[in-house]
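Okay, structure first, notes after.
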Amino acid sequence: MKKLLSILCAVGLAAVLLACGSVAELDFTVLDDVMITVLGPDEFLLDIEAHALFDGGFPMTELETVTVNSLGQERHVHARGVLLEDILQANGLTQHDFTAVTATGADGYFIAIPADILRTRDVLLAYYFNGEIIDPRVVIPDERLMFWVKYLRELELVPHGEAMEVTREYAFAELLAQLDEHTETFWHEGAETQALPIAAMLAHLDDPRSDFVIITADDGLVKNERFSTFSQQLIVFDGTELAPLFIGPNLPVGMRVHGMSSVQIGEVMVVF
């Protein structure tokens with residue numbers, strides 16, 4: 001049964017804003033048209049106006065942390081917002097009960113926050129970031145910047161399910177030898193590289209299917225990617241030290257994965 005909960009704006013910002021100055025110093029109108037949708041089990045649907053993050057009665061959480069991007073660059077962060085766990089508990093749920101929470105931004109950026117993070121980390125939906133009021137953003141202390149989704153528009157709760165057992169395993173080098181006619185040139189950062197369309201690889205593997213594809217990298221990264229997104233991209237296999245590189249002409253930079261070691265699509269595993 002679908003449950004729809006709309007949380008409307010309220011008055012009384014002063015109590016929340018004591019630590020950051022007067023109302024006149026902060027312009028919350030930038031949040032007026034932003035809505036976050038949380039999709040959950042049994043067609044549970046929760047729509048949250050961005051204003052509800054600071055005036056909807058949820059506890060306010062403030063934190064200081066340091067984030068590190070893919071280049072190893074550190075940035076000090078001061079963020080304020082509402083914990084995802086507080087929102088879920090107000091509706092009889094907890095993030096600990098899900099295998100993943102997918103987050104999608106207004107720019108199309110998507111990532112799945114896996115169960116190990118949900119069990120051990122706070123997931124903050126921030127509306128205040130380093131002195132500025134912002135469209136809601138995911139902030140997860142001590143985790144990679146790739147999980148910090150900007151311009152947040154949708155969260156989806158992925159229920160626990162049984163992990164699929166790998167029944168077929170392929171070496172990517174052997175697949176390339178059989179798919180040579182499908183390879184193409186791809187320009188990456190001004191350099192000519194060689195790439196294999198993932199759609200061609202999937203067709204050769206008899207079109208394995210799965211809601212999510214698990215991409216593992218040499219640096220220990222494990223990333224869940226939507227099958228619909230994964231299937232439209234490329235694997236760059238030559239011409240850059242980042243190869244094998246998961247990339248695509250329209251794939252946001254933060255969704256790329258370099259130095260891949262394996263990809264699991266349902267019961268099929270491709271090893272690089």
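All values below come from the heavy atoms of this structure, side chains included, with hydrogens, waters and symmetry mates left out. It should be emphasised that the depicted structure is a prediction, and the values quoted were computed from it without experimental measurement.
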- request: Say whether Gln89 and Thr94, considering side chains only, have a donor N or O and an acceptor N or O under 3.5 Å apart.
  value: no
message: Between Met260 and Ile235, does the side chain to side chain contact (heavy atoms under 4.5 Å, CB included) criterion hold? Intermediate values first, please.
response: CA-CA 9 Å; Met260 291 190 295; Ile235 296 176; 3.9 Å; yes
task: Just do the side chain to side chain contact (heavy atoms under 4.5 Å, CB included) check on Ile140 and Thr65 with the steps written out, would you?
output: CA-CA 9 Å; Ile140 308 179; Thr65 187; over 6 Å; no
- prompt: Any side-chain heavy atom of Val101 sitting closer than 4.5 Å to one from Leu118?
  reply: yes
query: Is there side-chain contact between Phe147 and Ile111, with at least one heavy-atom pair below 4.5 Å?
result: yes
task: Starting from the C-alpha separation in whole Å, work towards a yes-or-no answer on side chain to side chain contact (heavy atoms under 4.5 Å, CB included) for Phe272 and Val263.
output: CA-CA 8 Å; Phe272 296 90; Val263 172; 3.6 Å; yes
message: Please tell me whether Phe230 and Phe246 form a close aromatic pair, meaning their ring centres lie under 6.0 Å apart.
response: yes
message: Looking at Ser261 and Thr216, would you say the former's side chain and the latter's main chain have a donor-acceptor pair under 3.5 Å?
response: yes
- prompt: For atom OH of Tyr170, is the number of surrounding heavy atoms from other residues, nucleotides or ligands below 6.0 Å larger than 12?
  reply: yes
field: Neighbour count above 12 (heavy atom, 6.0 Å) for Glu64 CD
entry: yes
task: State, yes or no, whether a side-chain contact exists between Arg226 and Phe212 at a heavy-atom distance under 4.5 Å.
output: yes
- prompt: Above 12 or not: heavy atoms from other molecules or residues under 6.0 Å from CG of Asp211?
  reply: no
task: Count the heavy atoms belonging to other residues, nucleotides or ligands that lie under 6.0 Å from CD of Glu174, then report whether that count exceeds 12.
output: no
query: Side chain of Asp122, backbone of Leu124: donor and acceptor closer than 3.5 Å?
result: no
